[in-house]
2 protein chains.
Amino acid sequence: MFVGNAVTVMQEKEISQAVIGRLPRYLRYLGDLKEKNIERISSQELSSLMNVTASQIRQDFNNFGGFGQQGYGYNVEYLYDEISKILGLDHNHNFVIIGAGNLGKALGNYLNFERRGFIFKGMFDMNPALIGQMVRDVQIKPMEELEVFLRENTIDIAVLTIPKTGAVGLVDTLVDNGIKAIWNFAHVDLDVPEGVQVENVHLSDSLMKLSYNISRYNDSKEQ
Amino acid sequence: MFVGNAVTVMQEKEISQAVIGRLPRYLRYLGDLKEKNIERISSQELSSLMNVTASQIRQDFNNFGGFGQQGYGYNVEYLYDEISKILGLDHNHNFVIIGAGNLGKALGNYLNFERRGFIFKGMFDMNPALIGQMVRDVQIKPMEELEVFLRENTIDIAVLTIPKTGAVGLVDTLVDNGIKAIWNFAHVDLDVPEGVQVENVHLSDSLMKLSYNISRYNDSKEQ
DNA sequence: GATACTTTGTCAAGAAATTATCAAATTTAT
DNA sequence: ATAAATTTGATAATTTCTTGACAAAGTATC
């Protein structure tokens, strides 16, 4: 009797976040190529297009298996589809936005997310003045209804566009009601249980980096 | 006779962007400590607070010179001020927002940038329906007035919240009229001359990373 | 004021990421 | 069909980033 292999977990090599972070950019360039009806591309061509080394491109793609062919290069459409799958864009993700301020509304109105399978399902806010307003085809609901809504709908992602004070206390509610991932625009680090994903967008951090690079360049000029 | 040293330009060690990227987070924690009137902190304490190694903290700070003292640790306020200076937050940066859509308005209304010395000076859009509207104390102007405005005011930063097609063609105008840095929300890579800083905020890339991490975790669970 | 304790700054080691190199596979040209 | 050119995937070399270790310098205690 053969046992043992049945439960063998394929120890997949962990892909570094550095690699993952580059995939969306590859996808963007491949999408552009597809629109231009370009059928194939070599790592060398893509390299000069994207300003990264050809070696890195091949290395990155090879983390997921051989997508290319010697002497030919990569088939644009095939590669595009494979990267889409890797990024989980081959199936839909429902999301709710919590915080119906300017930023929340901006994200709710952003149609391109839908094209990638991110479906805007609900929006919540504490402010009574906002309740009932429409953002696209979604009506803003009071925060009290969030829990029930999450239980009655299959929502993967919560987008947090509320001040940091509110954000921290909300995590438990979200996680307890099935949220798998948080796209966090609040300027605070969230503490989530193992298995819940957090992606931070700290806009002011980004602006500070820009500020540093301005100063650095000016200082180096002065010398 | 000793010559040579006179013209020796202090070859400052280039600080890696990895380090710079961590500075805003340090600043945030130090700000919180300051608010709690905590006077001093050791790398060890900060380490457990921020979930990074104490060694990395000391290494990071030491890139800029010794901010601490053996046996004592770091003075919170002093360290806060020094990091602020490094990030160029000790003087103001004026910015304009180009693109008065939802995202542009959201950023224009975000008051916290002002606290850090980023001053909202102007807003421009192509859409005639938006011209004249107020965003805080700034009136939306037509794109035709952008060039003159940039010449007549000292603006460091242009915030691009327009679709990518418009963004690429705008770079030359911005750079020719004194813009030193672009905070780019358009989903495209901008080609700028040496010395002009670009910080990209590619929201859909960020969302895709989140999507990958959701899939990855679910897949690993299934096995 | 002497001693024990704390904690930095620095240097070395280790790990991770990037780049270079090249054999093997395939395509293109003759 | 054969030879020349192209290009991947894999491995090795290099570089960068992170972590560990510890002497030196300070603080706190008795």
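Proteins come first, then strands; the chains are lettered A, B, ... in the order of their sequence lines, and each starts at number 1. All values below were derived from every heavy atom in this structure, side-chain atoms included, with hydrogens, water molecules and symmetry-related copies excluded. All of these numbers come straight from a predicted model, not from anything done at the bench.
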A:Tyr74: what forms a ring pair (Phe, Tyr, Trp, His ring centres under 6.0 Å) with it, not counting sequence neighbours? A:Phe61
Scan nucleotides 20-22 of chain D against the protein and return all N/O pairs shorter than 3.5 Å with their distances rounded to 0.1 Å.
unit_1	atom_1	unit_2	atom_2	d
D:dG20	N7	B:Ser55	OG	2.8
D:dG20	O6	B:Ser55	OG	3.3
D:dA21	N6	B:Arg58	NH2	3.2

Sequence-distant partners of B:Glu39, salt bridge (Lys or Arg N to Asp or Glu O under 4.0 Å), two or more places apart: none
Pairs in or reaching into residues 59-82 of chain A: which pass salt bridge (Lys or Arg N to Asp or Glu O under 4.0 Å), with residues at least two apart or in two chains? A:Arg22-A:Asp60, A:Glu82-A:Lys85
Checking B:Gln69 against B:Asn75: is there a side-chain donor and acceptor pair closer than 3.5 Å? no
Can B:Arg40 be said to sit on top of B:Tyr72's aromatic six-ring, NZ or CZ under 6.0 Å from centre and within 45° of the ring axis? yes
Checking A:Phe113 now: which residues fulfil ring pair (Phe, Tyr, Trp, His ring centres under 6.0 Å) with it, not counting sequence neighbours? A:Tyr110, A:Trp183
Any residue in residues 34-49 of chain B with a heavy atom nearer than 4.0 angstrom to DNA chain C? Just list them by number, or reply none. B:Ser42, B:Ser43
Walk along DNA chain C from 5' to 3' and tell me the first and last nucleotide with an atom closer than 4.0 Å to a non-hydrogen atom of chain A. C:dA17 to C:dT28
Sorted by first residue and then second, give each salt bridge (Lys or Arg N to Asp or Glu O under 4.0 Å) pair with at least one member in residues 92-112 of chain B; sequence neighbours left out. none
Which parts of residues 67-81 of chain B get close to DNA chain C, meaning a heavy atom less than 4.0 angstrom away? B:Phe67, B:Gly68, B:Gln69, B:Gln70, B:Gly71, B:Tyr72, B:Gly73, B:Tyr74
Please collect all salt bridge (Lys or Arg N to Asp or Glu O under 4.0 Å) contacts where either partner lies in residues 187-209 of chain B, sequence neighbours excluded, each pair once. A:Arg25-B:Asp189, A:Arg28-B:Asp189, A:Glu199-B:Lys209, A:Lys209-B:Glu199
Residues pairing under salt bridge (Lys or Arg N to Asp or Glu O under 4.0 Å) where one sits in residues 156-183 of chain A, two or more places apart or in two chains, turn out to be A:Asp156-A:Lys180
Report, as yes or no, whether the 6.0 Å neighbourhood of atom NZ on A:Lys34 holds more than 12 heavy atoms from other residues, nucleotides or ligands. yes
Any side-chain to backbone donor/acceptor pair from B:Ser84 onto B:Leu89? Under 3.5 Å, distance only. no
Whole angstrom is fine here: how far is it from CG in A:Asn62 over to P in D:dT7? 17 Å
Only counting residues at least two apart or in another chain, list the ones meeting side-chain contact (heavy atoms from CB on, under 4.5 Å) with A:Asn177. A:Glu147, A:Leu150, A:Arg151, A:Thr173
